[in-house]
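Single-structure report; data block below.
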Amino acid sequence: MAKLTIGTFSSLIGSLSLDFAVKLSDAALKKGHSVDLWLSGNATTLAKKDQKAFRDYSALQKPVEEMLSTGRFKMTSCEACSEARGIHKKDMIEGVNRQSMDWYLASCFSADRVLLIGGD
Amino acid sequence: MAKLTIGTFSSLIGSLSLDFAVKLSDAALKKGHSVDLWLSGNATTLAKKDQKAFRDYSALQKPVEEMLSTGRFKMTSCEACSEARGIHKKDMIEGVNRQSMDWYLASCFSADRVLLIGGD
Amino acid sequence: MAKKTLGFIIKSLPYRDEVSRLAITHAISSQSVDIYLDDGDSVEPILCFIDDGVLNCIKGQEAIKHYGNTSIEMHIENALLVDLKVYICKEDLERFGLTEKDVVLDAEKFGADTKAEIVPYSFIHQKLEEVDHLQFF
Amino acid sequence: MAKKTLGFIIKSLPYRDEVSRLAITHAISSQSVDIYLDDGDSVEPILCFIDDGVLNCIKGQEAIKHYGNTSIEMHIENALLVDLKVYICKEDLERFGLTEKDVVLDAEKFGADTKAEIVPYSFIHQKLEEVDHLQFF
Amino acid sequence: MRLGVFYSHLRLGLNILDRLRADKLGIILVGNGVYHGCIKENGKKSPLLEKENVNFYALIEDFETRGITADKLDSKVKPVSYSDLVDLIFNDYEKIVWI
Amino acid sequence: MRLGVFYSHLRLGLNILDRLRADKLGIILVGNGVYHGCIKENGKKSPLLEKENVNFYALIEDFETRGITADKLDSKVKPVSYSDLVDLIFNDYEKIVWI
């Protein structure tokens, strides 16, 4: 089984790019692969806990928690990008890591495939 | 003196559109006008308190607090857009209001000029 | 007793940023704006889809099925349900080879009387002139 | 002992979204990636500016003065300071009427030896082929 | 190289795609990129589809979200699911990018 | 109507601008829109500047942020500050939009 590293910059709601990242991760996990999901820039808003699920907005906390429970999914949020947005360690979904950007590069090092979803 | 209502959807960091909204508000206040700033969509991230100021990122909490202190600046954040992002009343900069979208329309009603900054 | 008209002009694609969705939800919120206004005062929004924005109006959007999100189509239906004026630019539909059969024009299934209208750009431009405030999304 | 090369291809305008800035800061973070890797393993980023992305390289950006934000120019200088390879597409510069005088090519004032290079697109495309992983920003 | 490109725009980035060369090139239409697979503008199909020796795909979830059914897709464009994407990523292409 | 348009893109929305008519039309280049005021692509200045009977402005803070100096601006384009924008908004234009 192989490893996919996904990097994302998109914000939680709006572009559906984070929905894409979450759904692609889920599909890869279901096929037995492992996935590292790196959140940088506005994507760090995905790691904020206590998102209220409305029908008009993407609500990704639940699928993220389900994927974390597989043990083959790691989600890591850029520390500086989070702090700049007022999202602190205590605000984050349990099981999501915070690291500096070098973590992403290390994840790329050991990945079989890397997909960086740029833009917002 | 006149009233300017600005609506914004852009996220705190990246596009500088919120920086634009804040700087334009400040310039209008300095000329004696009053300003309503409506935060919807990703712009609700501007109302999150405890933003850490880094040189690499926009850090707008301080100018917002200074403008609030003039008494001629109101900043109001969309309630549902905030909750969907896990930003609750307790997470917000002091003095910033939360309302539903009709507040913005009422603000437009009494505004001399309305500028909606769309996109992200 | 005053009425202010607000033009909501949607030029952006659906499901890219959140702008077309927010345009419609903001327009619909005019239904409850009275609590902030004096008796007899009111706000009337007009929704116009132009340029790439007309692609928001394509029927049969399966956003709920695939992403669990309300579709833009449902928002347009909600706007018709509360009798908002909705205009779709004829020339832009034609540019994309779309006809009235392809787009949301009514919400009859929910009992709405109001229908969206396909109108020439010149009609929409007239609305841009008439409204009190103008906003592009 | 392995080295993985990562291509960071910047096609986006500066100060629009955050993407060009994040591309460069991520590339620079290769300086501290060792803590996660086995001895002797390393990651080598290559930065290429193409298409509208070459506008990130214009000299004299006053982002600090006006918005209190580090400029993209300063990030490029930082990249050169840590000896990253930086390539700027010749054809795209020419398309915008820009010459080597207009763009950031060195960070000599900070003591950097490494210089950015203006190269034809074919050279950049060769790099796209050579790197282990490719990322467009 | 075998390059898989996720393409998410209607208006931006076409010239980037135009310059990309690969031994095997796949273009996977996602997000608002799916319109290229079906919409004719001024009666002409997207210039993207003219690019030769390319395998075109479109993400079912994304075109259906926008009210487009598979029968509207150009015959060159193959509908794929998220599950199919995983196989394309690991089996068909060695490098994958998002534009 | 007297219409002031804030224009923030390099690539998007040009056709929207093209169709706008007003008794008095101002186009204020902000964000990445400022490139239209100075960059010549393939030797040609932006088609935007060909539009007639338009007052063009460019936000000083935004072009300087991008490394552009006022002397590089086309002679049709007037540099303005945030403070100037406030006057344009309240004195020169009765409707203002952002594209």
Side-chain angles (χ1 to χ4, degrees), chain A residues 7-19 22 39-65 75 77-96 98 100-102 117-120, chain B residues 7-19 22 39-65 75 77-96 98 100-102 117-120:
Chain A
T8 50
F9 294 168
S10 306
S11 45
L12 172 60
I13 293 166
S15 70
L16 291 180
S17 293
L18 275 189
D19 295 73
V22 165
L39 309 176
S40 182
N42 284 330
T44 54
T45 52
L46 170 58
K48 177 83 181 64
K49 72 178 174 188
D50 297 335
Q51 297 162 22
K52 192 163 166 185
F54 294 100
R55 267 286 167 97
D56 283 4
Y57 303 89
S58 299
L60 299 173
Q61 183 167 348
K62 203 165 145 241
V64 161
E65 287 170 343
M75 188 163 108
S77 200
C78 172
E79 185 153 26
C81 301
S82 303
E83 289 292 327
R85 288 162 177 83
I87 304 172
H88 310 299
K89 186 79 192 160
K90 66 178 168 51
D91 302 317
M92 290 173 60
I93 296 172
E94 203 177 327
V96 180
R98 271 153 68 107
S100 49
M101 292 176 178
D102 42 16
I117 303 176
D120 204 359
Chain B
T8 50
F9 294 167
S10 306
S11 45
L12 173 59
I13 293 165
S15 70
L16 292 179
S17 293
L18 274 189
D19 295 73
V22 166
L39 310 175
S40 181
N42 284 330
T44 54
T45 52
L46 170 58
K48 177 84 182 64
K49 72 177 175 189
D50 297 334
Q51 297 163 23
K52 192 162 165 186
F54 294 100
R55 267 285 166 98
D56 283 5
Y57 303 89
S58 299
L60 299 173
Q61 182 168 348
K62 203 166 145 242
V64 161
E65 287 168 343
M75 187 162 108
S77 200
C78 172
E79 186 154 24
C81 302
S82 303
E83 289 292 326
R85 287 161 177 83
I87 303 172
H88 309 299
K89 187 79 193 159
K90 66 178 169 50
D91 301 317
M92 290 172 61
I93 296 172
E94 202 177 329
V96 180
R98 271 153 67 106
S100 49
M101 291 176 179
D102 43 16
I117 303 176
D120 205 359

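Throughout, protein chains are lettered first and strands after them, A, B, ... in sequence-line order, and every chain is numbered starting at 1.
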| message | Tell me every residue that passes side chain to side chain contact (heavy atoms under 4.5 Å, CB included) with A84(A), counting only those two or more places apart in sequence or in another chain. | response |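 Applying side chain to side chain contact (heavy atoms under 4.5 Å, CB included) to A84(A) gives I13(B), F54(B), Y57(B).
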| task | Determine which residues belonging to residues 89-96 of chain A lie within contact range of chain B, meaning some heavy atom pair is under 4.5 Å apart, and list them by number or answer 'none'. | result |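 Checking residues 89-96 of chain A against chain B gives D91(A).
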| field | Residue list, side-chain hydrogen bond (donor to acceptor under 3.5 Å, both in side chains) with S77(B), at least two apart or on another chain | value |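 Partners of S77(B) under the side-chain hydrogen bond (donor to acceptor under 3.5 Å, both in side chains) test: S82(B).
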| task | With sequence neighbours excluded, give me every salt bridge (Lys or Arg N to Asp or Glu O under 4.0 Å) pair touching residues 39-52 of chain A. | result |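 Matches after skipping sequence neighbours: none remain.
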| said: To the nearest 0.5 Å, what is the distance between CD on Q51(A) and CD1 on I87(B)? | reply: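 Answer for the CD-CD1 pair, Q51(A) versus I87(B), is 10.0 Å.
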| Under 4.5 Å from a heavy atom of chain A, the part of A80(B) involved |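 Both parts, backbone and side chain.
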